Peer 1: 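Below you'll find the structure I mean.
FYI, side chains are in, hydrogens and waters are out, and symmetry mates aren't considered; it's all heavy atoms of this structure. Keep in mind the model is a prediction, meaning the values are calculated, not measured.
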There are 2 protein chains.
Amino acid sequence: MPDTDARPSALRPTRQRRAITDALANAADFQSAQEIHDTLRRTGDKVGLATVYRTLQAMAESGDVDVRHNPAGEATYRRCSDSHHHHLVCRSCGRTVEITGSAVERWAHAVADEHGFSEVSHTVELVGLCAECARRQ
Amino acid sequence: MPDTDARPSALRPTRQRRAITDALANAADFQSAQEIHDTLRRTGDKVGLATVYRTLQAMAESGDVDVRHNPAGEATYRRCSDSHHHHLVCRSCGRTVEITGSAVERWAHAVADEHGFSEVSHTVELVGLCAECARRQ
DNA sequence: TTACGTGCAAACGGTTTGCATGGGT
DNA sequence: ACCCATGCAAACCGTTTGCACGTAA
């Protein structure tokens with residue numbers, strides 16, 4: 001039987017994919033592909049680096065995970081709907097403070113609605129000068 | 001003679017540096033180092049790619065410009081205090097809508113103040129599914 | 001004249017891709 | 001059996017770095 005509608009297709013539940021999903025589930029924060037690969041190796045799951053990249057990319061495309069880039073330019077991933085926070089980073093010393101702000105969350109949804117967008121996730125990053133570095137300069 | 005701990009600071013006002021500053025001033029949005037390099041070549045300013053990278057890096061470090069990473073992972077730069085906007089991006093087709101929201105600006109400053117941070121700049125990125133792509137899926 | 005700034009090209013490192021094999025359906 | 005998923009390694013590409021020369025101070 002010819003399958004109706006050739007959707008990009010559902011991903012196959014392979015051992016590797018499950019391992020990656022688990023790693024993401026256990027991660028508290030954004031993880032780079034390489035970090036995830038390292039984690040898997042440590043837990044004994046043998047998964048090729050290319051597979052990690054391809055899988056994360058696919059999951060990102062289908063909206064299963066959020067992507068962002070860390071200051072080093074590496075792509076990092078986090079499973080969606082994670083209760084998440086944002087970061088306030090000192091541009092001088094790199095000191096980081098975690099921020100939670102329901103205000104931004106509401107704003108993000110309002111803006112998305114206004115433009116007909118759905119399933120919105122957001123990334124917010126505040127960069128400034130921490131009190132200590134400001135004093136030193 | 002033992003050098004008296006030379007400080008790196010105090011950038012010299014060279015032709016190249018001025019060209020890069022000008023390019024940033026004329027740019028309406030975040031530009032990658034390569035885009036800036038292309039712009040300079042087009043306007044006849046001969047500046048080495050490495051110099052563009054080094055200069056932008058120095059300017060970012062000293063807080064003269066803001067850095068962010070585009071979806072492709074490239075570092076992009078924008079001169080500070082630019083009247084700026086944010087982006088609402090469709091994760092499926094890449095369609096982008098420019099957003100201006102004074103609400104976030106206020107929130108960013110409030111949060112920074114609360115933690116003793118100054119000279120804050122912020123990056124906000126909303127990723128979702130645009131109406132058209134949502135319909136198609 | 002003395003470093004810093006620059007240009008060039010080679011080196012780097014994260015990510016992607018070609019191809020042959022393995023495994024889900 | 002069919003074909004997507006995987007692994008490996010080479011290819012890619014943005015960015016960084018070593019070194020010799022140019023140039024502001």
Peer 1: Side chain to side chain contact (heavy atoms under 4.5 Å, CB included) between Ile20(A) and Leu56(A): does it pass, once the steps are laid out?
Peer 2: CA-CA 8 Å; Ile20(A) 293 173; Leu56(A) 288 173; 4.0 Å; yes

Peer 1: When you measure from the side chain of Arg12(B), which nucleotide among dT6(D), dG5(C), dA9(C) comes out closest?
Peer 2: dG5(C)

Peer 1: Rounded to the Å, how far apart are Arg18(A) CZ and dG23(C) P?
Peer 2: 14 Å

Peer 1: Could you walk me through whether Thr39(B) and Arg42(B) pass side chain to side chain contact (heavy atoms under 4.5 Å, CB included), step by step?
Peer 2: CA-CA 5 Å; Thr39(B) 299; Arg42(B) 224 175 298 116; 4.1 Å; yes

Peer 1: Checking all strands, does Arg54(B) fall into the base, sugar-phosphate, or nothing category for heavy-atom contacts under 4.0 angstrom?
Peer 2: base

Peer 1: Mind checking Ala72(B) for me? I need base, sugar-phosphate or nothing, with any heavy atom below 4.0 Å counting as a touch.
Peer 2: nothing

Peer 1: Taking only the side-chain nitrogens and oxygens of Tyr53(A), find out if one of them lies under 4.0 Å from OP1 or OP2 of dT15(C).
Peer 2: yes

Peer 1: Counting just side-chain N and O atoms, does Arg15(A) come under 4.0 Å of either OP1 or OP2 of dG22(C)?
Peer 2: no

Peer 1: If you compare every side-chain N and O of Gln57(B) against the phosphate oxygens of dT16(D) (OP1, OP2), does one of them come in below 4.0 Å?
Peer 2: yes

Peer 1: Can you tell me which nucleotide in dT6(C), dT15(D), dG7(D) comes closest to the side chain of Ala75(B)?
Peer 2: dT15(D)

Peer 1: So Met59(A) and Thr21(A), side chain to side chain contact (heavy atoms under 4.5 Å, CB included) or not? Walk me through it.
Peer 2: CA-CA 9 Å; Met59(A) 295 174 96; Thr21(A) 302; 3.6 Å; yes

Peer 1: Establish, with yes or no, whether the OP1 or OP2 oxygen of dT6(C) is under 4.0 angstrom from a side-chain nitrogen or oxygen of Thr14(B).
Peer 2: yes

Peer 1: With a cut-off of 6.0 Å (strictly less than), are more than 12 heavy atoms of other residues, nucleotides or ligands near NE2 of His115(B)?
Peer 2: yes

Peer 1: If you take any heavy atom closer than 4.0 Å to DNA chain C, which residues from residues 33-45 of chain B end up in contact?
Peer 2: none

Peer 1: Take atom CZ of Arg17(B) and atom C1' of dG5(C), then tell me their distance rounded to the nearest Å.
Peer 2: 8 Å

Peer 1: Reading DNA chain D from 5' onward, which residue's closest nucleotide shows up sooner: His69(B) or Pro13(B)?
Peer 2: His69(B)

Peer 1: Output yes when at least one side-chain N/O atom of Thr51(B) is less than 4.0 Å from OP1 or OP2 of dG5(C), else no.
Peer 2: no

Peer 1: I'd like to know whether the aromatic ring centres of His86(A) and His122(A) sit less than 6.0 Å apart in this structure.
Peer 2: yes

Peer 1: Just the rounded figure in Å: distance from P of dT6(D) to NZ of Lys46(A).
Peer 2: 17 Å

Peer 1: If you check the Glu74(A) side chain, which of dC3(D), dA9(C), dG14(C) turns out closest?
Peer 2: dG14(C)

Peer 1: Looking at dG22(D), I'd like to know if its phosphate oxygens (OP1 or OP2) sit under 4.0 Å from a side-chain N or O belonging to Gln16(B).
Peer 2: no

Peer 1: Applying ring-ring contact (aromatic ring centres under 6.0 Å, His included), can you list everything that pairs with His87(A), at least two apart in sequence or on another chain?
Peer 2: His85(A)

Peer 1: Grab the CG-P distance between Leu49(A) and dA5(D) for me, whole Å please.
Peer 2: 18 Å

Peer 1: Any carboxylate oxygen within less than 4.0 angstrom of a Lys/Arg side-chain nitrogen, looking at Glu125(A) and Arg68(B)?
Peer 2: no

